[in-house]
2 protein chains.
Amino acid sequence: MHSTAVENYLKHLFLEQNDDGEELVAMGRLASAVGVTPGTATTMVKTLAESGLLDYEPRGGVRLTPAGRKLALHVVRRHRIIETFLVKVLGLDWSEVHDEAEDLEHVISDRVLEKIDQILNHPERDPHGDPIPTARGTIDTAEHESLATYDAGTDVSVVRVLDQDPEFLQFLARHRLRPGQRVAIQGRDEVAEAMTLRPESGNPVTIGIGKAAKILVRAATDAAPERRES
Amino acid sequence: MHSTAVENYLKHLFLEQNDDGEELVAMGRLASAVGVTPGTATTMVKTLAESGLLDYEPRGGVRLTPAGRKLALHVVRRHRIIETFLVKVLGLDWSEVHDEAEDLEHVISDRVLEKIDQILNHPERDPHGDPIPTARGTIDTAEHESLATYDAGTDVSVVRVLDQDPEFLQFLARHRLRPGQRVAIQGRDEVAEAMTLRPESGNPVTIGIGKAAKILVRAATDAAPERRES
DNA sequence: ATCTACACTTTGATATATCAAAGTCAAGGT
DNA sequence: ACCTTGACTTTGATATATCAAAGTGTAGAT
């Protein structure tokens with residue numbers, strides 16, 4: 001099997017790449033995503049390129065091959081199912097499960113993974129709203145706009161949070177701003193770069209545009225179903 | 001933290017040592033328990049001795065220090081709680097959980113472990129009947145005699161199975177010979193080195209003395225309730 | 001056209017964990 | 001006393017994954 005390190009490079013490359021996966025991801029970006037120095041990433045990337053898991057253009061960057069993408073999706077699937085399991089079955093807080101899953105994703109067997117998936121009744125999204133790849137390697141690629149793009153007076157519901165910082169996640173939970181929850185945009189101040197939100201079942205709260213950009217939402221009137229792609 | 005390798009050496013040393021842990025375990029024995037060559041074990045053991053986790057007498061053997069024992073017990077606790085969890089919550093077969101737990105025991109955090117322990121309501125024994133060390137580092141050291149020491153005509157109940165071979169475990173399950181189940185010893189043939197058993201809810205079956213020695217039992221004459229169901 | 005800055009690659013080193021094979025010790029048999 | 005044997009240790013090598021620092025390539029600034 002593949003080492004933890006290999007799985008991590010592939011996973012982070014997948015998470016860094018653009019939707020189509022056609023564009024090269026710069027080495028520096030991959031290195032900092034994985035948490036290693038650029039030199040280390042260069043070495044590993046050469047190995048992965050030789051194994052046919054990614055294409056490497058020196059001084060250009062890297063891109064997953066179909067084989068690499070498949071493996072990356074499998075790692076992401078494990079990560080997100082584990083997170084869901086930790087929250088729904090073991091009752092951990094959603095702010096703590098990301099780090100736990102970082103380790104578990106590399107040792108959980110497929111047998112255990114599929115048991116968990118079954119117990120959870122094949123969830124489509126994890127507690128952060130991130131889509132869970134299927135066992136066959138497909139993933140929901142539906143795009144959502146960030147809260148930061150919406151104007152005052154709009155009603156939206158939270159779909160996904162692109163930030164794993166435990167303190168921020170605890171903040172969101174406290175203010176009823178988790179995926180699935182509705183929120184009205186009460187005000188937006190371009191000068192202060194802040195938005196004031198009124199969560200359906202919480203008190204008004206003001207957050208910066210930077211953090212708002214990490215919260216993906218959809219118009220609350222909209223009920224469009226989502227589509228999957230291979 | 002300690003590496004997977006370190007945890008494995010300590011765990012296996014704990015499992016190989018005698019009850020009091022006073023006697024030295026020979027290097028060759030440790031090496032084959034861990035699954036490495038003797039030279040590898042020598043190298044690692046020197047490191048562990050320097051860390052104060054075990055005492056090493058060259059050409060004599062090794063023995064856990066109190067610090068090493070504490071760590072070993074923690075690893076064993078993780079292993080056995082995970083096994084119990086995999087059977088009771090995820091519904092895996094008791095014959096497959098040992099190998100699964102071998103990997104998981106090194107990455108499960110204490111936070112997750114204690115959640116699982118709580119969900120399982122602090123089990124005292126794992127699916128094989130092995131006692132689970134407590135979080136405080138104590139372990140049930142009750143001794144049980146093996147089935148091989150009993151004579152024909154005795155009624156016993158299975159307490160513990162000292163064998164992780166999946167095929168043997170499946171065999172035992174098929175014949176209703178799991179921990180908590182009762183069995184009458186119908187016959188014993190010293191020449192054939194075989195015993196014929198009549199499980200309470202199964203058909204008679206004959207097993208060799210060697211395998212019978214792996215099954216620990218207690219006399220079933222008293223009405224002492226066994227907490228195990230399923 | 002050249003310079004400069006930054007991103008990237010290369011190089012040399014470290015840490016961990018392992019094995020194969022050579023060397024060594026010690027206990028028991030002769 | 002000596003040899004043999006088997007268990008153990010030592011040595012030299014490999015694989016993986018990493019970093020720091022030196023070297024290099026390239027694209028935009030002057």
Side-chain angles (χ1 to χ4, degrees), chain A residues 1-18 23-64 67-68 71-72 75 102-107, chain B residues 1-14 16-18 23-64 68 71-72 75 102-107:
Chain A
M1 254 281 99
H2 297 93
S3 68
T4 293
V6 166
E7 290 190 346
N8 272 331
Y9 278 89
L10 295 175
K11 179 186 73 171
H12 282 115
L13 179 48
F14 175 81
L15 296 176
E16 290 297 318
Q17 80 186 354
N18 284 345
E23 274 173 43
L24 289 170
V25 172
M27 291 302 291
R29 198 161 151 210
L30 211 212
S32 79
V34 175
V36 296
T37 59
T40 302
T42 298
T43 309
M44 177 57 101
V45 151
K46 283 179 181 172
T47 309
L48 297 180
E50 271 181 20
S51 310
L53 295 169
L54 48 77
D55 293 327
Y56 171 44
E57 295 184 11
R59 290 174 199 279
V62 282
R63 172 195 304 122
L64 288 172
L71 237 157
V75 178
E102 287 287 309
D103 292 330
L104 289 167
E105 70 190 15
H106 306 295
V107 297
Chain B
M1 259 316 273
H2 298 93
S3 69
T4 292
V6 166
E7 290 190 348
N8 272 331
Y9 279 88
L10 295 175
K11 179 185 71 173
H12 283 116
L13 179 49
F14 175 80
E16 291 298 315
Q17 79 186 358
N18 286 344
E23 275 174 42
L24 289 171
V25 172
M27 290 302 290
R29 196 160 153 215
L30 212 213
S32 79
V34 175
V36 296
T37 58
T40 302
T42 299
T43 309
M44 177 57 103
V45 150
K46 283 178 180 172
T47 309
L48 297 180
E50 271 182 19
S51 310
L53 296 169
L54 47 77
D55 292 327
Y56 171 44
E57 296 185 9
R59 290 172 200 279
V62 282
R63 173 196 303 120
L64 286 172
L71 238 156
V75 179
E102 287 288 309
D103 292 330
L104 288 167
E105 71 191 15
H106 306 295
V107 297

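Excluded from the calculations below are hydrogen atoms, water molecules and symmetry mates; all remaining heavy atoms, backbone and side chain alike, are included. Throughout, a chain's letter reflects where its sequence line sits, starting with A, and its residues are numbered from 1. Just so you know, these numbers come straight off a predicted model, no measurement behind them.
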Rounded to whole Å, the CD-P distance (A/E7 to D/dA17) equals 11 Å

Taking C-beta and beyond as the side chain, do A/T42 and A/Y56 meet within less than 4.5 Å on heavy atoms?
yes

B/E50 atom CD is separated from C/dT16 atom P, nearest whole Å, by 11 Å

Quick note, A/A5 side chain, CB onward, closest among D/dA17, C/dC19, C/dA17 is D/dA17

| Can you find a heavy atom in the side chain of A/M44 that is under 4.5 Å from one in the side chain of A/V6? | yes

Does a nitrogen or oxygen in the side chain of A/S3 sit under 4.0 Å from OP1 or OP2 of D/dA17? yes

Of the listed C/dT9, D/dC19, C/dT10, the closest approach to the A/T40 side chain comes from D/dC19

d(A/L10 CG, A/L15 CG) to nearest 0.5 Å is 11.0 Å

Check this one for me: any side-chain N or O of B/T43 less than 4.0 Å away from OP1 or OP2 of C/dA17?
no

In whole angstroms, the gap separating C1' of C/dC19 from CE of B/M27 amounts to 15 Å

When rounded to whole Å, the CG to P distance for the pair B/N8 and C/dA17 reads 11 Å

A/H2 atom NE2 is separated from D/dT16 atom P, nearest whole Å, by 12 Å

To the nearest angstrom, the CG-P distance between B/L48 and C/dT18 comes to 11 Å

Atom NZ of A/K46 and atom C1' of D/dA17 are separated, to the nearest Å, by 15 Å

Rounded to whole Å, the NE2-P distance (B/H106 to C/dT16) equals 18 Å

Distance col, row A/H2:NE2 vs A/H106:NE2, nearest 0.5 angstrom, shows 13.5 Å

So CZ of B/R59 and CG of B/L24: to nearest 0.5 Å the spacing works out to 15.0 Å

> How is B/G39 classified with respect to the nucleic acid when contacts are heavy atoms under 4.0 Å: base, sugar-phosphate, or nothing?
Replying inline: base

TODO: Select base, sugar-phosphate, or nothing to describe what B/A26 touches, counting heavy atoms under 4.0 Å on all strands.
DONE: sugar-phosphate

Within residues 54-64 of chain B, those residues having any heavy atom closer than 4.0 Å to DNA chain C are B/R59

*Kindly say if B/T42 contacts the phosphate of D/dC8, meaning a side-chain N or O under 4.0 Å from OP1 or OP2.*
no

d(B/L64 CG, B/K11 NZ) to nearest 0.5 Å is 13.5 Å

For this session: For A/L30 and A/V62, run side chain to side chain contact (heavy atoms under 4.5 Å, CB included): C-alpha distance rounded to whole Å, both residues' side-chain angles, the deciding distance at 0.1 Å, then the answer.
Result: CA-CA 9 Å; A/L30 211 212; A/V62 282; 4.0 Å; yes

With the side chain defined as heavy atoms from C-beta on, B/T37 is closest, among D/dT18, D/dC8, C/dC19, to C/dC19

### Query
Given D/dT16, is OP1 or OP2 found less than 4.0 Å from the side-chain N or O atoms of A/Y9?
no

